Peer 1: 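Below you'll find the structure I mean.
The figures that follow rest on heavy atoms only: side chains count, while hydrogens, waters and symmetry mates do not. Just so it is clear, the structure is predicted and the values come from calculations on it, not from any experiment.
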Amino acid sequence: IERPLPPMIFLPTTAGSGSDLSQFCIITDMARKLKISIISRSLIPNISIIDPDFLDTKSTALIVDSAIDALAHAIESFISRAASPFSESQARLALQLWRDNIDKAAEVRSPTALENLSLASAAAGMSFSNAGLGAGHALAHALGGRLDLRHGMMHSILLPAVMRFNRKHCLPKLAEVMSILYPERLFTCEDDVLGGIENLEKHFAALGVPVRLRGVLQDQSPLRSVCEAAVHDACMVTNPRSASVEDLLRICEEAWQ
């Protein structure tokens, strides 16, 4: 963005995207079937008004999809190559708020839980705006651009496989993520972390969202072209582990099983 923008006041209508606080703007190129990022500090508004009452107008599925997007923001920015103590503190806050409120928001639409999910989205937005994201968002952008799939739904499917792919390059941080989400358990080794990821996957299924690509796509034929687009996504720059097209394809194949 080459010129200053006029003063802006944003009001998010979901608790998940963080778009009201971040320096990212996503547009869909319908001709090329790609989602493309515009990245600029100019996109951060002068004021963001976070009103959880908007969530009362949303379906439970959209509330959960959006909340899982916020969770993916918190986790991917926490393990990002560009993470800092500032971004990590915001990610931790988002993880705690998500843990304590997602079930109440989904099951009974508790006003307090919806407010706290909105705050989780804001905290995660501040985290990823400073630290970037990773392979999960790169793949979600490519899948959403090509197949017009809901963005949040992509993360309930992709996030566990992406964490397993990255785990050896950020194991202490993933152990901390799991210890925040499941404080009643200990995460002292790789097997513990893998168990935590499996538990999160079961949590997603219990929330009623898809956890496998095979339930969303008719077949695997688009996956290679999706991965060829995703490998060039800006989010890949801060993923903790470098990934080729073949690596991304293996993530998608795991998410298909």
Side-chain angles (χ1 to χ4, degrees), residues 12-19 52-79 91-125 127-128 133-134 136-137 139-140 143-144 147 149-164 174 177-185 187 193-217 251-252 254-257:
T13 57
T14 61
S17 73
S19 58
D53 286 350
F54 277 120
L55 301 185
D56 253 349
T57 70
K58 304 297 184 292
S59 68
T60 299
L62 182 56
I63 290 171
V64 172
D65 279 350
S66 301
I68 292 174
D69 186 22
L71 177 67
H73 290 157
I75 292 174
E76 287 201 305
S77 62
F78 189 69
I79 64 174
R92 288 188 189 99
L93 174 60
L95 290 168
Q96 292 162 5
L97 288 168
W98 194 93
R99 173 197 69 202
D100 293 340
N101 294 281
I102 182 61
D103 292 330
K104 292 174 187 174
E107 292 167 9
V108 297
R109 289 174 172 262
S110 156
T112 299
L114 294 175
E115 179 176 356
N116 285 331
L117 279 186
S118 298
L119 295 175
S121 173
S127 181
F128 84 78
L133 292 164
H137 270 77
L139 285 166
L143 280 162
L147 303 169
L149 299 169
R150 293 202 310 272
H151 180 71
M153 181 176 69
M154 293 295 94
H155 294 297
S156 60
I157 294 169
L158 294 168
L159 183 59
V162 168
M163 285 193 287
R164 283 190 282 263
L174 279 180
V177 166
M178 291 301 150
S179 68
I180 293 171
L181 293 177
Y182 305 108
E184 70 283 0
R185 296 173 57 179
F187 297 92
V193 170
L194 288 171
I197 294 170
E198 183 179 353
N199 203 57
L200 184 61
E201 207 164 15
K202 291 176 180 176
H203 195 173
F204 290 161
L207 289 168
V209 293
V211 293
R212 290 290 179 267
L213 276 175
R214 68 171 182 267
V216 175
L217 305 183
I251 290 172
C252 289
E254 179 182 336
W256 179 275
Q257 300 303 320

Peer 1: Would you mind reporting whether Met178 and Ile197 have side-chain heavy atoms less than 4.5 Å apart?
Peer 2: yes

Peer 1: Looking at side-chain heavy atoms only, is the closest gap between Leu114 and Asp56 below 4.5 Å?
Peer 2: yes

Peer 1: Would you mind listing every salt bridge (charged side-chain N to carboxylate O under 4.0 Å, His left out) that reaches into residues 59-69, with sequence neighbours excluded?
Peer 2: Asp65-Arg150

Peer 1: Which heavy atom in Thr60 sits nearest to a heavy atom in Arg109, and how many Å separate them?
Peer 2: N-NH2, 3.2 Å

Peer 1: Short question: side chain of Ser66, backbone of Leu62 - any donor-acceptor pair under 3.5 Å?
Peer 2: yes

Peer 1: Among pairs that include at least one residue of residues 92-118, which meet ring-ring contact (aromatic ring centres under 6.0 Å, His included), considering only residues two or more places apart or in two chains?
Peer 2: Trp98-His203

Peer 1: If you measure from CZ on Arg92 to OG on Ser127, what distance do you get to the nearest 0.5 Å?
Peer 2: 9.5 Å

Peer 1: Between the side chain of His73 and the main-chain N/O of Ser121, is any donor-acceptor distance below 3.5 Å?
Peer 2: no

Peer 1: Do Leu200 and Tyr182 come close enough that some side-chain heavy atom pair is under 4.5 Å?
Peer 2: yes

Peer 1: Any non-hydrogen side-chain atom of Thr57 less than 4.5 Å from a side-chain atom of Thr13?
Peer 2: no

Peer 1: Side chains of Phe187 and Val177, heavy atoms from C-beta outward: is any pair under 4.5 Å?
Peer 2: no

Peer 1: Can you give me the closest heavy-atom contact between Ala70 and Ala124, atom names plus distance?
Peer 2: O-CB, 3.5 Å

Peer 1: State which residues pass side chain to side chain donor-acceptor pair (under 3.5 Å) with Arg99; sequence neighbours excluded, sorted by chain then number.
Peer 2: none

Peer 1: Nearest 0.5 Å please: distance from the CG atom of Leu213 over to the SG atom of Cys252.
Peer 2: 6.0 Å

Peer 1: Would you say Val216 and Leu147 make side-chain contact, with heavy atoms under 4.5 Å?
Peer 2: no

Peer 1: Can you tell me how far CG of Leu174 sits from OG of Ser179, rounded to the nearest 0.5 angstrom?
Peer 2: 10.5 Å

Peer 1: Rounded to the nearest 0.5 Å, how far apart are CD1 of Ile157 and CH2 of Trp256?
Peer 2: 10.0 Å

Peer 1: Would you indicate whether Lys104, at its atom NZ, is surrounded by more than 12 heavy atoms from other residues, nucleotides or ligands within a distance under 6.0 Å?
Peer 2: no

Peer 1: Just wondering, do Ile102 and Leu207 contact through their side chains at under 4.5 Å, heavy atoms?
Peer 2: yes

Peer 1: I need the minimum non-hydrogen distance between Leu95 and Leu181, along with the two atoms involved.
Peer 2: O-CD2, 4.0 Å

Peer 1: Checking His151 now: which residues fulfil ring pair (Phe, Tyr, Trp, His ring centres under 6.0 Å) with it, not counting sequence neighbours?
Peer 2: His137, His141, His155

Peer 1: Roughly how far, to the nearest 0.5 Å, is the CG atom of Leu159 from the CG atom of Leu71?
Peer 2: 6.0 Å

Peer 1: Return the minimal non-hydrogen interatomic distance between Leu158 and Ala255, and the atom names on each side.
Peer 2: CD2-CB, 4.3 Å

Peer 1: Determine whether Asn101 and Glu115 make a side-chain contact, defined as any pair of heavy atoms from C-beta on separated by less than 4.5 Å.
Peer 2: no

Peer 1: By the salt bridge (charged side-chain N to carboxylate O under 4.0 Å, His left out) test, which pairs, at least two apart or in different chains, include something from residues 193-208?
Peer 2: Arg164-Glu201, Glu198-Lys202, Glu201-Arg212

Peer 1: Determine the minimum heavy-atom distance between Leu143 and Met154, stating which atoms define it.
Peer 2: CD1-SD, 3.7 Å

Peer 1: Apply side chain to side chain donor-acceptor pair (under 3.5 Å) to Ser17 and list each qualifying residue two or more places apart in sequence or on a separate chain.
Peer 2: Ser19

Peer 1: For Ala105 and Leu117, which heavy atoms make the closest approach, and how far apart are they?
Peer 2: CB-CD1, 3.5 Å

